[in-house]
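Okay, structure first, notes after.
Note that the structure is a prediction, hence the values are computed from the model and not measured.
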Amino acid sequence: MQIERFESKEVLYTRALEIIKQVKAQGATTFGLATGGTMEPLYEKLRQSDIDFSDAISFNLDEYVGLDVQHDQSYNYYMHKQLFDCKPFKMSYLPNGLAENAEAEANRYEQLLQQHELDFQLLGIGVNGHIAFNEPGTSFASETHLVDLQPSTLEANARFFDSIEDVPKQAYTMGIQSILRAKVILLIATGEKKRAVLEQVIAGEYTENNPATALVKHNNVIILTDLQEGEN
């Protein structure tokens, strides 16, 4: 595990862009992508870059249940606004939030992931340690599945909606095992609220109570953070 700490977010996101350029130059063609406020500065840099993804495939970590792709809080909408409209991929896959059969949709997405091995996976981390929407207690052996979102996740995401009541209560998410199959994983963690769960990862803890600690068993994880050692 490679941990890089930065004094400024600007330098952190410049480094993240550099890593993506590097893996792309080394032949990566399948990219796992993440959403959320943490990723927006990175996507801005990608839009301004000369990286061409037209020969690559993308898979998103998750999607809310019940939101149409045109809903301005769906992750499909987010990805088009933040990246795809400017930097299109050859093919981009996201779970279908309006699928009628949840089990069939989870299986469909997992099968696609297994057919297209991820060269690179981008991750954020939740205040409760979730990666994608794998909440605390999720099995480290899990694959793509439907998840009930925990109150802390609903609260964290409420800022994007008119009220917390409008936040979808369920989502489809890549499982932890699905994520760990990626060849390279880049985790970006910013802000003091992420310190406790991030430090557990860095310390090498391995517990399903903090899903992100599953990363300690992966052989190629890069963590970029603006949190400095020993600060509170």
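- Other residues sharing a hydrophobic cluster with V65 under the 4.5 Å side-chain heavy-atom criterion for ILVMFWY residues are L146, Y172.
- Looking only at side-chain heavy atoms (C-beta outward), L33 and L61 stay at 4.5 Å or farther from each other.
- Aromatic pair F53/F31: ring centres closer than 6.0 Å.
- Checking side-chain atoms of T173 against main-chain N and O of F133 turns up a donor-acceptor pair under 3.5 Å.
- Not counting sequence neighbours, the partners of E165 by the side-chain contact (heavy atoms from CB on, under 4.5 Å) test are S163.
- Between E18 and K24, none of the side-chain N atoms (NZ, or NE/NH1/NH2) sits under 4.0 Å from a carboxylate O, so this pair counts as no salt bridge.
- In this structure, the side chain of N134 does not engage the main chain of H130 through any donor-acceptor pair within 3.5 Å.
- A salt bridge links E10 with K45: the closest approach of a Lys/Arg side-chain nitrogen to an acidic carboxylate oxygen falls below 4.0 angstrom.
- Residue K193 qualifies as open at atom NZ: its count of foreign heavy atoms under 6.0 Å is 12 or below.
- No more than 12 heavy-atom neighbours from other residues, nucleotides or ligands sit within 6.0 angstrom of CG on D162.
- Between D119 and K183 there is a salt bridge, since at least one side-chain N of the basic residue sits less than 4.0 Å from a carboxylate O of the acidic one.
- Here the options are Q121, E143, E110, the test is side-chain hydrogen bond (donor to acceptor under 3.5 Å, both in side chains), and the partner is S178; only E110 passes.
- With rounding to the nearest 0.5 Å, the separation of CG in D62 from NE2 in H145 is 10.0 Å.
- Minimum heavy-atom separation, F140 to P211: CE2-O, 3.7 Å.
- Formation of a donor-acceptor pair under 3.5 Å by the N210 side chain with backbone atoms of V197 is found in this model.
- T190 has its side chain out of reach of T225: every pair of non-hydrogen atoms, C-beta onward, lies at least 4.5 Å apart.
- Salt bridge status for R15 with E4: present, with a side-chain N to carboxylate O gap under 4.0 Å.
- Centroid-to-centroid, the aromatic rings of F84 and F89 come within less than 6.0 Å.
- Side-chain contact check for N96 versus E63: every heavy-atom pair is 4.5 Å or farther apart.
- The two atoms that bring I185 and H218 nearest to each other are CD1-CD2, 3.6 Å, heavy atoms only.
- Considering every non-hydrogen atom in both F161 and H71, the closest pair reads CE2-CE1, 4.4 Å.
- Remark: side-chain polar atoms of S54 are not paired, donor with acceptor, to backbone N or O of K90 under 3.5 angstrom.
- Salt-bridge annotation for E44 and R47: absent, with no side-chain N of the basic residue lying under 4.0 Å from a carboxylate O of the acidic one.
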